[in-house]
Amino acid sequence: MDFPKRPNFQELEKEIMDFWEKEKLYKFNLEADKPVYSIDTPPPTISGKLHIGHAFSYSQAEFIARYKRMRGYNVFYPFGYDNNGLPTEKLAEEMHGVKAKDMSRAKFVELCLETSRKVEKEYERVFKRMGISCDWNELYRTIEPRVQKISQTSFLKLYEKGRVYRKLAPTLWCPKCETAIAQVELKDKEVNSFFNYILFELEDGGKIEIATTRPELLASCCAVFVHPGDKRYKHLVGKKAKVPLFNFYVPIMADKRVDPNKGTGIVMFCTFGDLTDVEWFKAYKFEPKISIASDGTLNELAGKYKGMKVKEAREAIIEDLKKEGLLVKQVPIKHVVNVHERCDTEIEFLLTKQWFIKYLDLKEKFLEAGRKIKWWPEHMRVRYENWINGLQWDWCISRQRYFGVPFPVWYCKKCGKEILASYDQLPVDPLKDKPSKPCSCGCKEFVPEKDVMDTWATSALTPLINAAWDKGTEHKRFKMLYPMSLRPNAHDIITFWDFNTIAMCMLHTGKVPFENIMISGHGLDRHGRKMSKSRGNVVLPLDMMEKYSADALRWWAASVKLGEDLNFREEDLRKGIRHATKLWNTARFASMHLKEKPNKPAKLNIVDRWLLAELAEVIDACTEAFEHYEYSKAKMHAEQFFWNVFCDYYLEMIKYRLYSGEEKDSALWTLYNSLLILLKLFAPFIPFVTEKIYQLLFRNYEGTKSIHISEWPKSEKDWYDKEALALGRIAVECIAALRKWKKLKNLSLAEEVENITLAHPEPEKVETIKKEIEKTMRIKNLLVEKGSEVIVKE
RNA sequence: GGGCCCGUGGUCUAGUGGUUAUGACGCCGCGCUUACAACGCGGAGGUCGGCGGUUCGAUUCCGCUCGGGCCCACCA
């Protein structure tokens, strides 16, 4: 057997990785007659490079996959890529130095696909190198045709149920690029501006003062707001104010979103100056007054100011207000505005038609669904519930983007009616394809929907994607895989991914999509900050695995409780190396003595019985911890037992038997079995080194071709031997005291000693295990007497 | 501003209404004792973030406060 003192972990891991791949160890078997454990792997966003944070949370879910596999489950562990949407668009633009709006849509989509393919390859390398035991045959991409079909089917079904509707809604708009933009494309910018104090006339001739930075929006003014608790203005609520220059009346209303300390405490509400305006618009259901066109110029509603750019109009209106004596003062201020990150242009809100999913009426149902799922850790459910309780609007699922799943929709050119694709046409691209029949009005010309769906509207379907919902709900695969056993993800996307998935799947199937949700924390940088390109604090998993090992990286990821964040410090990776080396050397020691598979002896030595009793407790503790997704506890129990009991005491205590031959069969049998059990307890965490040792030392005897499909350890009934447990622990106490004494006396541990007197509270018990203590500590004659503490007497 | 979580020796971490509070890294001393110096043995090191309350008793339960993280909201 080949047991060098120090293995080369990198080489070892690559060899094992090839072995797993060749043996197709993690392939899901649709035909197997075993209980299924299915995992709804989070498809990572194709947005750049994977960092340590990914390694952290994917490892944690993977521990569970390996544990369940060893528990005999038919584990379904697919992999996916979320390459549908804005992050991939931005990556493609960045990598190729181009901009989407400067090229044809088809060309840009092709570029995104090409970018994604390249990045997927890199992701795959990292995950495989980490030993993530996914079945790579079960691979999906959220942009691929099959998934598009599922996503579009979802849309059509919801449409049929009356759950999907289209209505005007404010959209973030860049007037320079003349495109809708997403919230993540916004950037804050501090600008110099003026607070303009403007007079509005009341019906009774009185005047009120309003401060605004955007006088050009006067034509869009719909109302005037004060704070409900503001005594100065209480009497105004319910009255009307006349908008200067345009001379129409608007209501004066109270709303707590007004800050009484800002400006005059009276604010004008326009459609739309900023995000608060959007909220008021939605909350009070105003008729919009849009005075800014998509190119950033004012429209006919603005009367004489029509055609002017926003800034020109602002100046012109200020001039006119001055002339009329309606401008009280201008106070220069610095304030933060939202600009488009590309071109630095201040954004506007435009009313456009958007698609929504109606679900506000189902809040109670979603809360109930959340209660049907086991959350690990439990408190994470609270975030889910808070999110639902705070929901105020239906879900807008349309995005004015390019790279995403298209809506299966056209509009009749003549009557404007919505024409939906038929199911057998899916996946469909309305920009290229045509409806299968003419509009009911007879018209044969159509305007395609150009928007694409929100990426979450597709990724919220992963349980259905995995279960092949496109083939219906009555086939074997769907029944095997839906609902899924586990949804693992980090806590930042509970509100997006978990909530949307539960909502979507409940709408489609009426059943919760998974039985368990396992929420992991974040792997952060040394100072506890998220890793990001802009911060420059990204640590790459591949670098760390080359420097240490995949096992070391995984060992690190297992070191905190589920749900806790963990700061990454490179020196912590040494712990994993240290542990793997220790395990390796233990196996090396065992290999020197295990020349064949030992038979169970008729009678077990007391030390062996003690070890098995300790082991039985550890197995139970690890198993229970894993059943509760507490992998870190399982790791801790196994690790502490291994170092502090197995290596420090047990191995030392059996050496005399291994070398002398006395009761050797008992020691060999126990060593063989306890080491195998330990390997199995560690296997989910450090799959490479445990596999290698298993192959070298156990495979021939055990038969099963890999430790990762071997049976999870079970303790035998007769191992729970209370007497042996107590005696063994007493022996440990005595040995510790004797070691301390030898140290004090400057004696080497190997030094033979004649007569020693040891005090112990229970001398009669020590007597029964005296021989083992003597042999371990090389004492000729151990005398025991009663004492209050365990100590060597001079 | 709202919600959730975290705050234990220099660093990371376990844990509990009750004797001297767990383990590891680091540090100090000794040791290459036939698996392992990527090791072994021994040792030093903590008012369990702060204040107040409940209790016979609190690191553990409650309230407030400070610090950190994440998500959400806000910036006329």
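Side chains are part of it too, since the values below use all heavy atoms of this structure and drop only hydrogens, waters and symmetry mates. Please read these numbers as outputs of a predicted model, since none were measured by experiment.
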What contact category does A/Ile494 fall into here, base, sugar-phosphate, or nothing, at under 4.0 angstrom with non-hydrogen atoms? nothing
Would A/Lys575 pass as a cation-pi partner of A/Trp556, given that its NZ or CZ must be under 6.0 Å from the six-membered ring centre and within 45 degrees of the axis? no
Check every strand shown and say whether A/Val267 touches a base, only sugar-phosphate, or nothing at a heavy-atom separation below 4.0 Å. base
Between A/Ala638 and A/Leu678, the two heavy atoms sitting closest are O-CD2, 4.3 Å
To the nearest angstrom, how far is A/Phe496 atom CZ from B/rC70 atom C1'? 12 Å
Looking at every strand, decide which applies to A/Asp277 at a 4.0 Å heavy-atom threshold: base, sugar-phosphate, or nothing. nothing
Search all heavy atoms of A/Phe685 against all heavy atoms of A/Ala634 and return the closest pair with its distance. CZ-CB, 4.3 Å
Centroid-centroid distance, A/Trp280 to A/Phe225, less than 6.0 Å: yes
Is there a side-chain contact between A/Arg739 and the phosphate of B/rC41, meaning an N or O under 4.0 Å from OP1 or OP2? yes
Taking only the P atom of each, what is the distance from B/rU33 to B/rC39 in whole angstrom? 16 Å
Under 4.0 Å between any heavy atoms, over every strand shown, what does A/Lys561 touch: base, sugar-phosphate, or nothing? Just pick one. sugar-phosphate
Exam field: side chain A/Lys742 to backbone A/Met777, donor-acceptor pair closer than 3.5 Å: yes
Rounded to whole Å, the CG-P distance (A/Leu562 to B/rC5) equals 14 Å
May I ask you to verify whether the side chain of A/Arg588 and the base of B/rU34 hold a donor-acceptor pair under 3.5 Å? no
May I have the distance from A/Phe646 (atom CZ) to B/rC36 (atom P), rounded to whole angstrom? 16 Å
Think A/Lys329 forms a cation-pi with A/Tyr197, using NZ or CZ under 6.0 Å from the six-ring centre and within 45 degrees of its axis? yes
Please work out if A/Met592 contacts a base, only the sugar-phosphate, or nothing of the nucleic acid, heavy-atom cut-off 4.0 Å. sugar-phosphate
Tell me whether the NZ or CZ atom of A/Lys655 lies within the 45° cone about the ring axis of A/Phe589 and under 6.0 Å from its centre. yes
Looking across every strand, which nucleic acid part, if any, lies under 4.0 Å from A/Thr213 by heavy atom: base, sugar-phosphate, or nothing? sugar-phosphate
Separation of B/rG42 P from A/Lys740 NZ (nearest whole Å): 8 Å
What's the CD-P distance between A/Glu385 and B/rG2, to the nearest Å? 20 Å
Between B/rU13 (C1') and A/Asn567 (CG): distance, integer Å: 12 Å
Ranking B/rG3, B/rC70, B/rU13 by distance to the side chain of A/Asn386, first place goes to B/rG3
Base, sugar-phosphate or nothing for A/Thr212? Non-hydrogen atoms, less than 4.0 Å. sugar-phosphate
Under the 3.5 angstrom rule, does the side chain of A/Lys595 hit a backbone N or O of A/Ser591 as a donor-acceptor pair? yes
Quick one: A/His379 NE2 to B/rC70 C1', roughly how many Å, whole number? 11 Å
For A/Ala211, report the nucleic acid contact type (base, sugar-phosphate, nothing); a contact means any heavy atom under 4.0 Å. sugar-phosphate
If every non-hydrogen atom of A/Cys734 is compared with every non-hydrogen atom of A/Ile773, which pair is closest and at what distance? CB-CD1, 3.8 Å
Taking the six-membered ring of A/Trp497, is NZ or CZ of A/Arg487 closer than 6.0 Å to its centre and within 45° of its axis? yes
Using the P atom as the point on both nucleotides, what is the distance between B/rG50 and B/rU59, in whole Å? 10 Å
Between atom CG in A/Leu573 and atom P in B/rU11, what is the gap in whole Å? 20 Å
Look at all strands and tell whether A/Trp387 reaches a base, only sugar-phosphate, or nothing, counting heavy atoms closer than 4.0 Å. sugar-phosphate
Could you please name the option among B/rG43, B/rU34, B/rA76 that lies closest to any side-chain atom of A/Phe195? B/rA76
Annotated structure of RNA chain B as dot-bracket, pair cut-off 3.5 Å, Watson-Crick or G-U only, | for inter-strand, is (((((((..(((.....[....))).(((((.......))))).....(((((..]....))))))))))))....
Quick one: what's the B/S/- string for nucleotides 18-32 of chain B, heavy-atom cutoff under 4.0 Å, read 5' to 3'? -----SSSS--BB--
Which distance, rounded to the nearest 0.5 Å, do you find between the CD1 of A/Ile693 and the CZ of A/Phe688? 14.0 Å
Give A/Arg569 one of three labels, base, sugar-phosphate or nothing, depending on what nucleic acid heavy atoms sit under 4.0 Å from its own. sugar-phosphate
Which nucleotide in B/rA76, B/rC6, B/rC70 has an atom nearest any side-chain atom of A/His491: B/rC70
